[in-house]
Protein chains: 2
Amino acid sequence: MTDFYSINSKFYLAVDCIIFGFSEGELKVLLIKRNLEPAFGDWSLVGGFLKQDETLDQAAKRILFNLTGLDHVFMEQLHSFSQIDRDPGERVISVAYYALMKTSDYDKKLVTKHNAHWIKLEEIPKLIFDHNEILETALMKLRRKSGTQPIGFELLPKEFTLPQLQELYEAIFQKKFDKRNFRKKILTAGFLKNLEIKDKSNSRKGAYLYKFDSKKYNALVKKGYNFSV
Amino acid sequence: MTDFYSINSKFYLAVDCIIFGFSEGELKVLLIKRNLEPAFGDWSLVGGFLKQDETLDQAAKRILFNLTGLDHVFMEQLHSFSQIDRDPGERVISVAYYALMKTSDYDKKLVTKHNAHWIKLEEIPKLIFDHNEILETALMKLRRKSGTQPIGFELLPKEFTLPQLQELYEAIFQKKFDKRNFRKKILTAGFLKNLEIKDKSNSRKGAYLYKFDSKKYNALVKKGYNFSV
DNA sequence: CCAAAAGTGTTCAGCTTACACCCATGA
DNA sequence: TCATGGGTGTAAGCTGAACACTTTTGG
């Protein structure tokens, strides 16, 4: 029985995570400056190896949790990378995941311990192996997906203002939107709830805080609605 | 050096292919009725194991070529499936690929030898392992992607008629389109070339043959065009 | 001459885009 | 009172959806 399998090769499986965040009006990625071999001192994505008793999804969750202390983060499988020499040490297949998180609530001690840093998209350094390519793939996916599904909200705090939301979409798509049109589209869609509280941290006048109402959104989707910016 | 890696586990990596075709107005999938162990007699996707000296893309190409004798088929990585017991014999991670091909030009001897059959979407049998789930994922991807990129043309012969094209999109999206609106949208897009030849195999009047002009299409895409039905 | 499929235009509604000024407030 | 960011409406153009009849031709 096992013979059928054992004529085949086995491979190391890495899980690498592209962790996106948004703060100070900028899209950022959580990157590691490695403090262990191999490639000591080089920059890389957050990653680890798949274990026998876990699925890829579980491995990705474990890796994210170990670094940030966060559970229940938006996370999705991206693509598997298998260039033969992508890791010069050994043949390793990497399954990439991307995550969207709120930069406010993660465990800073853990992140410091792993020597991880939030790096702006425009300031991404050379990463080890094919990690720059993986990151590029993730970014394309984020753009494509943000255009049709409201995943952007995963990057904002639970309560956010419309100017913040617009800033986020402008960071994702790298272009400016018209304030009035943007608000109109978002608000007429009907899945944002105005909390009637003003956030004055950014202006004297203050901007209303809103909350994403996923129940209303899901009801819309069932009726055939498709979010797009 | 190798120590760093060797504390980790290795895994079998399968590559499973969902091969879509279109004929007689129906979307079909090429499935294998297994004539070898394990699971003799059961239905499955086309698949194989990754080898040491090839990438996943190469493995997928090899598997497709061995079955159909075709090279240069549209093919894309879909997703990796890693449920621990998905294959009850051994732990196997499966990387799925989907392919779109013209059902006209494949090597029928090879296909017969592997006991493969074109099965209509509505008549998919119970498949081994999680292959039904994989197929379902592929179908969703095909629908999503056909909505924004002209991949449907991969399923038609090089020269095709507009009624054929419409039939294809109706099969993919499982709904009828208005003939006039469909033609208008496709033709005004400008990447179809009328060959001024009529195909009379389907009607006395005959329908004009068209060709997909990928140069024109790529030029459009560069200008920001986005295909959608 | 007729059955069967191919081909063809117009109208209306809703959506997207472009565009400029007033509002509220703390310092 | 003023500087700063937040908030608001309307008109024009474009796109998507609905809808029915004529054309061609082999048998």
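Lettering follows sequence order; numbering is per chain, from 1.
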**Item:** Given dT16(C), dG7(D), dG7(C), the nucleotide with the shortest approach to the side chain of Pro163(B)
**Value:** dG7(C)
**Prompt:** Would a line drawn from the ring center of Phe160(B) to the ring center of Phe212(B) be shorter than 6.0 Å?
**Reply:** no
**Asked** With sequence neighbours left out, what residues match Lys102(A) under salt bridge (Lys or Arg N to Asp or Glu O under 4.0 Å)?
**Response** none
**Rounded distance (Å) that lies between atom C1' of dA6(C) and atom CG of Asn194(B)** = 13 Å
**Prompt:** If the sugar-phosphate is the primed atoms plus P, OP1 and OP2 and the base is the rest, what is the B/S/- string for nucleotides 21-27 of chain D, using protein heavy atoms under 4.0 Å?
**Reply:** --BBBBS
**Complete:** Side-chain contact check for Arg180(A): nearest option of dG16(D), dA20(D), dG9(D) is dG9(D)
**Prompt:** Counting distance only, does the side-chain N/O of His117(A) pair as donor-acceptor with the main-chain N or O of Leu31(A) below 3.5 Å?
**Reply:** no
**Fill in**
Phe182(B) atom CZ is separated from dT8(C) atom C1', nearest whole Å, by 16 Å
**Of the listed nucleotides dA18(C), dG7(C), dA20(C), the one nearest the side chain of Asn181(A)** = dA18(C)
Can you give me every donor-acceptor pair (side chain of residues 221-229 of chain B, partner residue at least two apart or in another chain, under 3.5 Å) with its distance?
none

**Lys216(A) charged N/C atom sitting above Phe191(A) aromatic ring, 6.0 Å / 45°** = no
**Message:** Students often mix this up, so state it plainly: with edges at 30° and 60°, are the rings of Tyr169(B) and Phe173(B) parallel, tilted or perpendicular?
**Reply:** parallel
**Prompt:** If you look at every strand shown and take non-hydrogen atoms under 4.0 Å, does Asn202(B) touch a base, only sugar-phosphate, or nothing?
**Reply:** sugar-phosphate
**Asked** For the pair made of CG in Asp178(A) and P in dG7(D), what is the distance, rounded to whole Å?
**Response** 15 Å
**Asked** To the nearest angstrom, how far is Phe160(B) atom CZ from dA6(C) atom C1'?
**Response** 16 Å
